[in-house]
Amino acid sequence: MSSISSGDIISILKSEIENFDFDARDKEVGTVIWVGDGIVTIYGIDNAMYGEIVVFENGVKGMVQDIRRCEIGCILFGKDRGIKEGTKVTRTGKRAGIPVGDTYIGRIVDALGAPIDGKGNIETDEYRPVEQEAPSIVDRQSVKEPMETGILSIDAMFPIGKGQRELIIGDRQTGKTSIAIDTILNQKGKDVICVYVAIGQKASTIAKIVSTLEKHDAMDYSIIVASTASDTAPLQYIAPYSGTALAEYFMHKGKDVLIVYDDLSKHAVAYRALSLLLGRSPGREAYPGDVFYLHSRLLERSSRLKEELGGGSITALPIIETQAGDLSAYVPTNVISITDGQIFLESDLFFSGMRPAVNVGLSVSRVGGAAQTKGMKKASGSIRIDLAQYREMEVFTQFSSDLDETTKEQLAYGSGLMELLKQPLCNPLSMAEEIITLVAATNKLFLNIDTKEIKQRQMDMLAYFKDAQQDIIAELEEKKNLDDELKKKILDAAKAFMER
């Protein structure tokens, strides 16, 4: 028999009722009236804010995405099992956010910041909203420091600066992700934190990328935010904002951050699915009208802060997938207009063996020479014009048989340049190696070499400089400039190697 008296039971019930009353007064509670496809419609919550987190009876969280006259629409950050018509929902009064901190470096997390790499919990007490206002104009400074990719064709012709947003665009399977991964690998030892956001990628693809980064010790300064193809549309939608919140934590501590969004086409598709389920009217290509704002408020958060605010920066490399090279589609034109330039990868170039398949005519960096070292600027010279002229001349002369010597030399020089710009995967070049290659190329030292042998000759030449001409490399890395005396040293050493 229980020894609890009736008086005890009454006091327990009284305290339970008092606590219940307190909860009810403290929180606004609503009721689910419709649920399906990761979307929930709630009645009875009148004061919710856009982007606020609500909690369901079963513990699943959602975010307010649509506010109507008599009801609100929420997106779910979990499975909708256990949520049905009549389920109670409570407001939290908090905006959606994720934990942030130094302990995230080297980890793989989901869109809500929870670890998914099997290495245990991430200990941190810092918290940051996923949606944050972009730094104002007066809080920024101009982009003038290079963010070197280690890819010769990009660093020479379309330089990227710290705080810039450079779009990587092209059809599927043209090497877009490879450029981003090579750029991450090239940040080794440069005190740059890299955040790779995978949106709607296959889990096997993400595993392969992690394996590449681990193989080259790049996970020591990288964070992977993964929202796989099997995740729900709300998680794919929130992933790039979560990645940016992590990047902002480091930026405000004065660090330089590189963030890759792979890719924003899938992000726009996830947002379209949410919007149509929420009953918003479709517009061009079935996207809702605010899809521009979706990406502009994300990419505007990448900038270089003033020195008084720490001088940190976020450099963004958004990736967009085109259909049959169509740059005039809705989402590509949107993101092109938001970013500070684009690297356009062409399928025909890729299949002809030109990798990276950078189209010289359609690619551009709106920051340009401001983000190049003086040495790189002098070494690259007129390489972009030379390549454009070669491409034009190649088209005009492909059916001609009797070419004059000048034209033959120009064609040979152009094809040699194209060969030098080919670069194997996971093999980024240092700034000194790029300058040495460009000086040798623009002074036509590769002119009389068979096209098939040019790449190997370039690699042998760079190995020779590393072994026998360390003083030249050290001087380039220290000065970051290319005066006449240093240029003569490079040419003399390169000529000596070629004659050998």
Side-chain angles (χ1 to χ4, degrees), residues 148-158 174-175 178-179 181-183 185-186 188 212 215-216 343 345-346 348-360 375-376 379-384 386-387 389-391 393-394 408-474 476-477 482 486-500:
E148 286 152 0
T149 64
I151 299 165
L152 184 61
S153 54
I154 294 171
D155 290 343
M157 295 184 282
F158 322 105
T174 49
S178 301
I179 284 179
I181 297 304
D182 275 7
T183 307
L185 297 183
N186 196 49
K188 189 174 182 180
T212 303
K215 185 180 166 187
H216 294 87
I343 294 159
L345 304 180
E346 197 178 350
D348 292 346
L349 278 175
F350 184 84
F351 296 130
S352 70
M354 182 68 200
R355 298 173 191 182
V358 178
N359 180 309
V360 178
M376 197 68 183
S380 56
S382 62
I383 187 170
R384 191 172 173 186
D386 293 345
L387 276 172
Q389 285 175 343
Y390 162 70
R391 293 290 298 275
M393 198 176 286
E394 190 185 30
K408 280 180 185 173
E409 187 181 297
Q410 207 164 350
L411 285 169
Y413 171 60
S415 64
L417 277 182
M418 293 291 278
E419 204 62 33
L420 284 170
L421 293 178
K422 290 179 183 176
Q423 207 164 319
L425 281 175
C426 304
N427 188 26
L429 299 174
S430 69
M431 184 261 296
E433 289 173 326
E434 289 179 337
I435 290 175
I436 291 164
T437 301
L438 288 168
V439 167
T442 51
N443 285 276
K444 305 192 175 177
L445 298 190
F446 294 99
L447 195 59
N448 299 316
I449 300 168
D450 187 84
T451 312
K452 291 174 184 172
E453 293 175 17
I454 285 177
K455 197 71 212 169
Q456 188 56 51
R457 189 68 67 93
Q458 178 205 3
M459 291 295 128
D460 293 344
M461 182 185 76
L462 293 176
Y464 162 74
F465 269 86
K466 272 184 189 171
D467 293 338
Q469 303 290 340
Q470 261 299 333
D471 55 326
I472 291 177
I473 290 178
L476 277 170
E477 284 173 352
L482 185 69
L486 185 53
K487 187 176 179 179
K488 187 176 181 302
K489 277 188 197 173
I490 293 169
L491 279 171
D492 289 346
K495 279 174 185 169
F497 168 78
M498 293 294 186
E499 286 164 9
R500 206 181 63 172

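Values below: all heavy atoms of this structure, side chains included; hydrogens, waters and symmetry mates excluded. Position 1 is the first residue of the sequence, and the numbers go up from there.
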- Note on the structure: For Leu420 and Lys455 the tightest heavy-atom approach is O-NZ, 3.0 Å

- Message: My understanding is that only residues two or more places apart in sequence, or in another chain, count here; which of them pass side-chain hydrogen bond (donor to acceptor under 3.5 Å, both in side chains) with Thr174?
- Response: none

- Polar side chain donor-acceptor pair, Tyr390 to Glu394, under 3.5 angstrom: yes

- Query: When you measure from the side chain of Gln389 to the backbone N and O of Met393, does any donor-acceptor pair fall under 3.5 Å?
  - Reply: no

- Grab the two heavy atoms, one from Phe465 and one from Ile490, that are nearest each other, plus how far apart they are. CZ-O, 3.6 Å

- Item | Exercise: identify the closest heavy-atom pair between Thr183 and Glu148 | CG2-O, 4.3 Å

- Heavy atoms only: give me the nearest Val439-Lys487 pair and the separation to one decimal. CG1-CG, 4.2 Å

- Apply the test side-chain contact (heavy atoms from CB on, under 4.5 Å) to residues Gln458 and Leu429: give CA-CA distance (whole Å), side-chain angles for both, the deciding distance (0.1 Å), then the verdict. CA-CA 12 Å; Gln458 178 205 3; Leu429 299 174; 4.2 Å; yes

- Scanning both residues in full, the closest heavy-atom pair of Asn186 with Pro428 reads OD1-CB, 3.6 Å

- Item | Asp155-Thr149 side chain donor-acceptor pair, cut-off 3.5 Å | yes

- Query: Step by step, would you call Leu387 with Met157 a side-chain contact (heavy atoms from CB on, under 4.5 Å)?
  - Reply: CA-CA 10 Å; Leu387 276 172; Met157 295 184 282; 3.7 Å; yes

- Met498 vs Asn448, side-chain contact (heavy atoms from CB on, under 4.5 Å): CA-CA, chis, key distance, verdict: CA-CA 11 Å; Met498 293 294 186; Asn448 299 316; over 6 Å; no

- Residues that Glu499 engages under side-chain hydrogen bond (donor to acceptor under 3.5 Å, both in side chains), provided they are two or more places apart: none

- Compare every heavy atom of Ala156 with every heavy atom of Leu438, then report the nearest pair and how far apart it is. CD1-CB, 3.9 Å

- Message: Suppose we screen for side-chain hydrogen bond (donor to acceptor under 3.5 Å, both in side chains). Which residues come up paired with Lys422, at least two apart in sequence or across chains?
- Response: Glu419

- With rounding to the nearest 0.5 Å, note down the distance linking CE in Met418 to CZ in Arg391. 5.0 Å

- May I have all residue pairs that pass salt bridge (charged side-chain N to carboxylate O under 4.0 Å, His left out) and include part of residues 429-440, sequence neighbours excluded? Glu433-Lys466

- Gap separating the CD1 atom of Ile454 from the OG atom of Ser415, nearest 0.5 angstrom: 6.0 Å

- How would you list, by chain and number, every residue that makes a side-chain hydrogen bond (donor to acceptor under 3.5 Å, both in side chains) with Glu477, sequence neighbours excluded? none

- Flag yes if more than 12 heavy atoms outside Asp471 fall under 6.0 Å of its CG atom; otherwise flag no. yes

- Query: Got a sec, which residues hit ring-ring contact (aromatic ring centres under 6.0 Å, His included) with Phe497, two or more places apart in sequence or on another chain?
  - Reply: Tyr464

- Message: If you apply the rule side-chain contact (heavy atoms from CB on, under 4.5 Å), what do you find for Tyr413 with Thr442, and how did you get there?
- Response: CA-CA 9 Å; Tyr413 171 60; Thr442 51; 4.0 Å; yes

- Item | Check: Leu345 main-chain N/O paired with Asn359 side-chain donor or acceptor under 3.5 Å | no

- Task: Could you tell me whether the side chain of Asn443 and the main chain of Leu445 form a donor-acceptor pair under 3.5 Å?
- Result: no

